[in-house]
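Let me begin by presenting the structure, written as structure tokens, before commenting on it.
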Amino acid sequence: METIGVLTGGGDCPGLNSVIRAVVRSALKNGYQVLGFRYGWKGAIENAYIALDDQSVSGILPKGGTILGTSRTNPYKNEGGVDKVKETFKKNDLKALIAIGGEDTLGVANKLCQEGLPVVGVPKTIDNDLSATDYTFGYDTALNIAMECIDRLHTTAESHNRVMVVEIMGRHAGWITMEAGLAGGADVILIPEIPVDLNEVCELIKQRHTRGKTFSIVAVAEGAVLKEGGMVADQKLDQFGHVRLGGIGNLIGEEIEKRTGYETRVTVLGHIQRGGSPTAFDRVLGTRFGVHAFALAREGKFGQMVSLNGAKIVSVPLADAVGELKTVPSDYYELARTFFG
Ligand code: F6P
């Protein structure tokens with residue numbers, strides 16, 4: 001019986017379990033056995049896995065997170081990490097490994113492929129910032145959570161005549177903020193792609209209140225930067241060199257209150273956006289990705305990643321997915337501006 005491995009790396013997101021289930025169900029049907037490596041590349045380094053059978057993936061479709069666990073471990077940043085991963089492939093006689101992750105996890109997958117390991121990728125991230133796929137699973141769930149939070153903030157903002165600033169995830173790409181803001185009717189949307197002009201933001205809010213509106217909602221991505229300088233982050237780096245973001249909402253909230261005189265409150269959505277049950281869209285996309293990823297593994301199409309292109313699932317080189325981030329285009333942001341103020 002041939003063996004394939006599967007792992008989930010990077011930040012978790014709703015829909016990961018749909019992919020794992022689809023990989024396992026397709027593999028078992030085709031006479032393969034599946035090893036699920038624990039905590040992303042950490043499990044591949046340490047040869048830590050669980051054998052996945054029909055029972056292990058039963059009832060996991062509605063579950064958020066990942067039954068395999070995840071981490072931001074980078075084999076290239078761990079002493080002897082890559083050799084240990086190679087050892088794991090040998091020991092278990094892996095025909096293929098399906099790596100489910102974002103730019104970091106897939107970046108490692110791409111490098112390992114170039115070193116001759118049989119790896120296939122599946123794109124995930126709530127940020128939807130991976131190139132070479134129209135959507136990543138996890139995004140739709142996070143977007144709907146953020147939209148619902150904006151809806152909830154509206155009612156309390158209106159009752160108290162307040163400005164509500166809501167800080168939404170998105171390090172370098174403002175997709176969740178942009179589309180949750182559009183769907184939830186935010187009055188100003190601030191994303192990492194466009195430096196924030198605080199004077200303009202305050203002016204928009206003032207004009208809005210002059211028109212008789214008594215409250216405002218400002219949606220800001222955690223990675224937004226101020227024109228007048230400053231991105232808010234602590235200095236701790238993870239193994240992929242990312243700083244931990246958070247705090248831009250508070251900074252903007254304080255400035256709005258100071259500059260406009262309107263009472264302002266700040267809500268940071270944080271990891272709430274990554275938790276809970278996936279939407280139908282993410283379950284179905286994850287399921288389709290999983291079935292196609294197994295097919296790529298079986299056909300020996302290594303170095304490829306499954307991708308959504310329109311309504312179709314296709315495969316693209318991993319290198320295309322990790323080369324450049326997919327950010328919000330400026331003409332889309334211009335469309336959003338129609339609704340500012
Ligand atoms: O990449 C997904 C993401 O949720 C980003 O939006 C966010 O900046 C980051 O992960 C948070 O990472 P962690 O879970 O390590 O705090």
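We count ligands from 1, going down the list as the structure has it; atoms in each ligand are counted the same way. Residues take their numbers from the sequence shown, with the count starting at 1. Below, all heavy atoms of this structure are taken into account, side chains as well, without hydrogens, waters or symmetry copies. What you see is a predicted model; the values in this text were computed from it and never measured.
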### Message
Would Arg72 count as a contact residue for ligand 1, given that I'm defining contact as a non-hydrogen atom of the residue lying under 4.0 Å from a ligand atom?
### Response
yes

#### Entry: Residues Ser18 and Arg283: side-chain donor-acceptor under 3.5 angstrom
no

### Message
Check contact between Gln273 and ligand 1, using heavy atoms of the residue and a distance below 4.0 angstrom.
### Response
no

### Task
Give the numbers and elements of all ligand 1 atoms closer than 4.0 Å to a heavy atom of Ile126.
4 (O)

## Note on the structure
Filtering Glu222, Met169, His172 for the heavy atom nearest atom 8 (O) of ligand 1 leaves Glu222

### Query
Can you find a non-hydrogen atom of Gly102 under 4.0 Å from ligand 1?
no

### Query
Which bit of Arg274 is near ligand 1, meaning a heavy atom under 4.0 Å away: side chain, backbone, both or neither?
side chain

### Message
If you take the centroid of each ring, where Trp contributes its six-membered ring, are Tyr135 and Phe289 closer together than 6.0 Å?
### Response
no

### Summary
For Met147 and Ala183, the nearest pair of non-hydrogen atoms, with its separation, is SD-CB, 3.6 Å

#### Entry: Any side-chain donor near an acceptor of the partner, Asn47 and Asn92, under 3.5 Å
yes

### Task
Select the closest option to atom 5 (C) of ligand 1 among Thr125, Ile168, Asp127, Ile176, judged by heavy-atom distance.
Asp127

### Message
For Phe215 and Tyr262, I'd like to know if the aromatic rings sit close, meaning centre-to-centre distance below 6.0 Å.
### Response
no

### Atoms of ligand 1, numbered as shown, that sit under 4.0 Å from any heavy atom of Gly170
6 (O)

#### Entry: Glu2 with Arg298: basic N within carboxylate O range, under 4.0 Å
no

### Task
Would you please say whether a donor-acceptor pair under 3.5 Å links the side chains of Tyr332 and Glu179?
yes

### Task
Enumerate the atoms of ligand 1 whose separation from the nearest heavy atom of His271 is less than 4.0 angstrom.
13 (P), 14 (O), 16 (O)

